[in-house]
Amino acid sequence: MNEIVPADKIADGGEAAACARAPIGMLCELTHRCPLQCPYCSNPLELDRVNTELSTEVWQDVMRQAADLGILQIHLSGGEPTVRKDLEDIVEVAAKVGLYTNLITAGVTLTRDRLKRLKDLGLDHVQLSIQDVDDANAEKISAYKNGLEKKRELGKWVREFDMPLTINAPIHRLNIENLPNIIEFAVEMGAGRIEVANIQYYAWALKNRAALMPTRAQVMRSAEIVEEAKQRLKGILVFDFVVPDYYAKTPKPCMGGWGKGIMNITPQGRVLPCHAAESIPGLEFDNVKDRRLADIWLNGQAFNMYRGTSWMKEPCRTCPRAEIDFGGCRCQAMAFTGDATNTDPACKFSPLHADFVAAAERESGVPNPPPFVYRRLGGAKTDAVVD
Ligand code: SF4
Ligand code: SF4
C-alpha cells in the first residue's frame, strides 16, 4: 500500500484522504526532442528546448524522492527518452531505489546493445508506440522514413531479452481501418498488452483535430473489432481501449481523478497533475528544482485546485457519477468551453455536449481533411506541413 499519511489520521475522508495516498505512477518527460513529428503528440505546442532540460543529477534525485514518496512505477517518456545519453544513469538509480521502470519509446533510436545495457541496469518494461503497420502510412503520420522496420527490430530484441512489451497504438482517421492488422502486429511482436488509444484531442491533436477525427461508424466498428479480438486473444494479449471522448455519453475519469494517482514532470522540471495541465490558466506549477516532490503532491496549488469534488459546479456537483469520473477532463473542459471548472463536454449532461458531438461529426464527414500541422519546434506558429 503506497500511503504517505496513515488513513486513520485523516479526518474528513475526502480530499485529504485522496492526497494521503501517494501517486502510483510518475510520467517523466525526460526531453521533448524526438525524431518523429506525430500530429497528435501529447507534448505542448511550445516544446522545451534541450538547453533547459533537467540535469542527470536532478533526475536521479527525483527518482530517489519518488521512491521515498511511495511511487511504484516510473514511465520514462518524452519526446523520445532514448535521445538522452544519460538514460542509463537515470534507469540505474530508479531501479536501485526499487521503482518499476517503463521505457516509452518510438523505437527508432535504440540499438540492441543499448537495450541490453538498460535491461542489465534494471529496466523492467518497454512500451513501443506505432503509427501504423503500413509503411507508407506510418511514414506519412510520423514524417519519418523506415520507422516501422526499426520498430520491428526493437521488438525482436525485446523478445530476445525476454522483456515485457506493450504496443501503444494511437488510433485516428488515417489508421483506424488498419486496426485488425495493428492487433496482429502486436501479437507477432510478442507483446503482452496493446493500448488501442483513440486520440485525445489536446495540444497537437487539438490543432490537427479536423485531420484526425474518425467517423462515428468507424469508431463503433473499431470497438467491435477490439471486443472480438479480446475474446479471441484471451491469455495472449491484454487490451486497453481508450474510448473516444467525442462519441462518448459520459467522460472517462481523466488521470483517474485530478491529483489522485499520477504526477507528470516536464523536461524543465515542472510538476503537473496531467500532461496537458499547462493549458489551464491560473494554475501554479512547482519545479522539482525548488520544492520536494512530496510537498508538491500534498500542498502544490495546481494539485489541490481540482482534487476531489468540492470545486465542482452543477451538473457534476450533485451527480451520482461525481466520485466515478470526477467530472471528466479539466483540460478538455477548458479547451472546449473556456472554463476548466465546467463539466467535460464529453458528458451528455454538459450544455455544450451537442456542439462537441457536432464538431466531430462535421470534421469527420469532410471527404478531404486538411493537411497535418506536424509536431516540431515552432511548428504550431508557422502551421508547417509536410506532404
Ligand atoms: S507522439 Fe510521436 S512525436 Fe510525440 S513523442 Fe511520441 S513519437 Fe515523438
Ligand atoms: S455530470 Fe459531471 S459527474 Fe455527472 S456524468 Fe457528467 S461529467 Fe460525470
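Counting starts at 1 for both ligands and their atoms, following the listed order. It should be emphasised that the depicted structure is a prediction, and the values quoted were computed from it without experimental measurement. No hydrogens, no waters, no symmetry mates; every other heavy atom, side chains included, goes into these values.
- Atoms of ligand 1 lying under 4.0 Å from at least one heavy atom of Cys38, given by number and element, are 1 (S), 2 (Fe), 3 (S), 7 (S).
- Each of the atoms 3 (S), 7 (S) of ligand 1 lies under 4.0 Å from some heavy atom of Leu36.
- With a cut-off of 2.8 Å, atom 2 (Fe) of ligand 1 has no N, O or S atom of Cys41 in range.
- Listed by number with element, the atoms of ligand 1 under 4.0 angstrom from any heavy atom of Gly79 are 5 (S).
- No cation-pi contact links Arg117 to Trp157, judged by a cut-off of 6.0 Å to the six-membered ring centre and 45° from its axis.
- Every atom of ligand 1 with a heavy atom of Ala106 under 4.0 Å away is listed here by number and element: 7 (S).
- Residue Glu160 places its CD atom among more than 12 non-hydrogen atoms of other residues, nucleotides or ligands, all under 6.0 Å distant.
- A side-chain donor-acceptor contact under 3.5 Å links Thr105 and Glu80.
- A pairwise comparison of heavy atoms in Val271 and Met263 identifies CG1-CE, 3.7 Å as the closest pair.
- There is a protein heavy atom closer than 4.0 angstrom to atom 3 (S) of ligand 1.
- Listed by chain and residue number, the protein N/O/S atoms under 2.8 Å of atom 2 (Fe) of ligand 2 are Cys316 SG, with waters left out.
- Side chain of Asn198 to main chain of Asp245: no donor-acceptor pair is present (N/O by atom type, distance under 3.5 Å, no hydrogens or angles).
- For the residue pair Gln60 and Lys96, no side-chain donor N or O sits within less than 3.5 Å of a side-chain acceptor on the partner.
- Taking the six-membered ring where the residue is Trp, Tyr100 and His125 present tilted rings, their angle falling between 30° and 60°.
- Of the candidates Leu283, Leu272, Leu45, Glu278 forms a side-chain contact (heavy atoms from CB on, under 4.5 Å) with just one, namely Leu272.
- Within the 4.0 Å heavy-atom criterion, the part of Cys34 lying near ligand 1 is the side chain and not the backbone.
- Counting atoms of ligand 1 from 1 in the listed order, those under 4.0 Å from a heavy atom of Arg375 are 3 (S), 4 (Fe).
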Test ring-ring contact (aromatic ring centres under 6.0 Å, His included) on Phe239 and Phe241; report intermediate values, then the result. CA-CA 6 Å; Phe239 286 78; Phe241 186 63; 9.0 Å; no

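- Taking each heavy atom of Tyr40 and Ile141 in turn, the nearest pair found is CE2-CG2, 3.8 Å.
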